[in-house]
There are 2 protein chains.
Amino acid sequence: MKKRPLRIKDIAEILNISVSTVSRALRDTYDVNPETRKRVLEVANQLKYKPNMHASALASGNTRNIGVVIPFITNYYFSTVISGIQETAYTNGYNLILLVTNDNAEREQSMIENLAITSLDGLLVSISSNSSMVDHFQSLIDDGISVVFFDRVPENIDATKVMQDDFQGAFDATKHLINNGYTRIAHIAGNKHLSFTQNRLSGYLEALKKHNLPIRQEWIIYSGFSQQCGEEDTHELFKLQEQPDAIFAVNDRKAVGAIITLKKEGYHVGKQIGVIGFTNDPISTIIEPSLSTIEEPAFEIGKESCELLIKHIANKKILPREIILPSTLIVRDSSKRETL
Amino acid sequence: MKKRPLRIKDIAEILNISVSTVSRALRDTYDVNPETRKRVLEVANQLKYKPNMHASALASGNTRNIGVVIPFITNYYFSTVISGIQETAYTNGYNLILLVTNDNAEREQSMIENLAITSLDGLLVSISSNSSMVDHFQSLIDDGISVVFFDRVPENIDATKVMQDDFQGAFDATKHLINNGYTRIAHIAGNKHLSFTQNRLSGYLEALKKHNLPIRQEWIIYSGFSQQCGEEDTHELFKLQEQPDAIFAVNDRKAVGAIITLKKEGYHVGKQIGVIGFTNDPISTIIEPSLSTIEEPAFEIGKESCELLIKHIANKKILPREIILPSTLIVRDSSKRETL
DNA sequence: TTATAAAAATGAAAGCATTAAATAATCAAA
DNA sequence: TTTGATTATTTAATGCTTTCATTTTTATAA
């Protein structure tokens, strides 16, 4: 039943040449007579030769496998990033090995530690939000395997990182609220450990400062990233004596939670209370009022990080660098004072 | 810089025993003195031995890699299925190789044909919606690699398939509309080629028949699966002379499109026109009115298909079978005549 | 033209880390 | 002793890459 797949050896026998010549001809990277190469490729195509990845990996040390470590895949941002990664991995002949941490630091650590690193050329990672320890990644890097971090990047590690412009995005979002006449702007933030939480917070603070608006600690709430967290944080905010008149949420899911809570509590979102998010999740066009937000270049982040990783794999001597991709303000109804 | 990883050979030298004994001890599958095994495992743990997947795959023929062929990952259903797959693959020591077809039959075919099948033990696939040809899968199966289809399964192939109960779900959805007093029920369907489109259509028709309601061909529209298709189809429906008073959409995204269009055209969704979807995408709780739907067991489908695939890999003689997982009606506001 | 060096093309064989089949050694029971 | 069971070792095999050696071809100088 199980057909024995065609090997290089078989091609060599058919053409009456040596195995090494076939191997070289197939890889287009050594001195081989163009005529010979042509004949080899012809037979290979004809007989649908598929290289045995394992043999090749074993002999050469290059596996053509990339690991992707990611907290979730069931959300718009991450699944879009993966699309970008997959696209460039595929066109460059790399396979993707998916490692979903469920945003759980222990699981992340055990996954990395149990990883058969010999089977990977490199790793693309977005750390889980409660992982402050990153030794397991450092030792991976020390072992000589290339790692590129994206979006959720650790601060205390010297590696290539790819992010959107979180500071500028947050600054633009906050400024947009200010420009639209909101003056008492709260921020429902994410997990403190993550550097993008810090960057978005900084952008928010900077915008307030620039416009001489008050910064009040009780208007800044750290929690998780879910819609429910958004609901709880908002509830919290509107129990305060001094209530804000706008909310900048660290992401769209929390912003959605905010809108839902505000509506439930009888506020008119937009007219009374402005809301803006971050991501441009498709849900932001569905919710009412539609959600203003900062668009993140998710697909490009995936593409860019994968390209950088492949470069690192090809040349171990490239120095780490940080890439920041621009994000764009998208205005919808949740931040409009006038309309409605 | 690059540390040479620990090999079986190193362990053997340390313990002064042969390589094969170490190999067997590590795999717990041959007669090895329990004492010896204990010592081997001790050293392996101590020195953090990680097996070389490629060497192992080459020698044994088992790669512990599973390919997942999927139209998209940026949607709730598929990303949830992948979560289920990933979970069981991981606990069984399998890696996932992701192949995203972008719902494009040619791309699907070329991906499969260029696949280094030697590097996969099996394949989990959900076919792209315009792929009526499935020869590339058949030849994979003929080559002896295990394939399990899920959700979007081809009809003309004898293989294990895992689906939700599309017929019953559609029947329940339609019946629910009927019970709530809607009598002129339209169906905005998906791509004709896919068997689940057919099954959902059958469920819909069956429910109408059972309640002696009219079946009108112009109330059944086939198109794609996107929100935009939902909008267009709905627009189409309400240009007719005889207009329906309810819509059963093949999935939630189309139902969302329907609701948006209906609202735009001034209809009161629920009170005037009932809408029900299929999937239970989180968006169905966000849209207003909230969307009634049929919940699909996406995570379980991923889990179940992966488990079945692993069984097939372990025992090539298992006969193909079809698994149908139940789906459940979830009632929200879009199908309520009275409320609002 | 011939001899010789240089370059280009090819081949043989070792090696990659593991598994597995075929032996071998050990020891107890018959 | 012989037999059988248990445990361990030797050796071959997996399919490919790569180093080193060899052959063939081409260019250069005598």
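Since the structure is predicted, the reported quantities are computational estimates derived from the model, not experimental observations. In what follows, every chain begins at residue 1, and chains take the letters A, B, ... in the order their sequences are listed. When reading the values below, keep in mind they use all heavy atoms of this one structure, side chains included, and skip hydrogens, waters and symmetry mates.
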To the nearest 0.5 Å, what is the distance between CZ (A:R107) and OH (B:Y90)? 6.5 Å

When you match A:S60 and B:S60 each to their closest nucleotide on DNA chain D, which lands nearer the 5' end? B:S60

Mind calculating the distance between CZ (B:R27) and C1' (C:dT18) to the nearest angstrom? 8 Å

Give each protein N/O atom lying under 3.5 Å from an N/O atom of nucleotides 4-8 of chain D, with the pair distance.
{"residue": "D:dA8", "atom": "OP1", "partner": "B:T36", "partner atom": "OG1", "Å": "2.6"}
{"residue": "D:dA8", "atom": "OP2", "partner": "B:N33", "partner atom": "N", "Å": "2.9"}
{"residue": "D:dA8", "atom": "N7", "partner": "B:R24", "partner atom": "NH2", "Å": "3.3"}

What is the distance, rounded to the nearest whole Å, between atom CG of A:N52 and atom P of C:dA17? 16 Å

Which word best sums up how the rings of B:H54 and A:H54 line up, parallel for under 30°, tilted for 30 to 60°, or perpendicular for over 60°? tilted

Would you compute the distance between atom OG1 of A:T88 and atom CD of A:E300 and round it to the nearest 0.5 angstrom? 11.5 Å

Report the distance from atom CZ of A:R39 to atom P of C:dA9, rounded to the nearest whole Å. 14 Å

I'd like to know whether the aromatic ring centres of A:Y77 and A:F196 sit less than 6.0 Å apart in this structure. no

Looking only at side-chain N and O atoms, does B:Q109 offer a donor or acceptor that is under 3.5 Å from a partner on B:E113? yes

Specify the separation, in whole Å, of atom NE2 of B:H54 and atom P of D:dT17. 13 Å

Whole angstrom is fine here: how far is it from OH in A:Y49 over to P in D:dG15? 10 Å

Salt bridge flag under 4.0 Å for residues B:R152 and B:D103: yes

Which ones in residues 7-16 of chain A lie close to DNA chain D, meaning a heavy atom under 4.0 Å from one of its atoms? A:R7, A:I8

Distance, rounded to the nearest Å, where B:L26 contributes CG and C:dT18 contributes P: 9 Å

Test item: B:L6 and B:I11 side chains (from C-beta on) under 4.5 Å apart, heavy atoms: yes

Can you label the angle between the B:F78 ring and the B:F72 ring as parallel, tilted or perpendicular, going by 30° and 60°? tilted

Just to confirm, is there a sub-4.0 Å distance from OP1 or OP2 of C:dG11 to any side-chain nitrogen or oxygen of A:S20? no

Quick one: closest heavy-atom pair of A:E108 and A:F137, and the distance? OE2-CE1, 3.2 Å

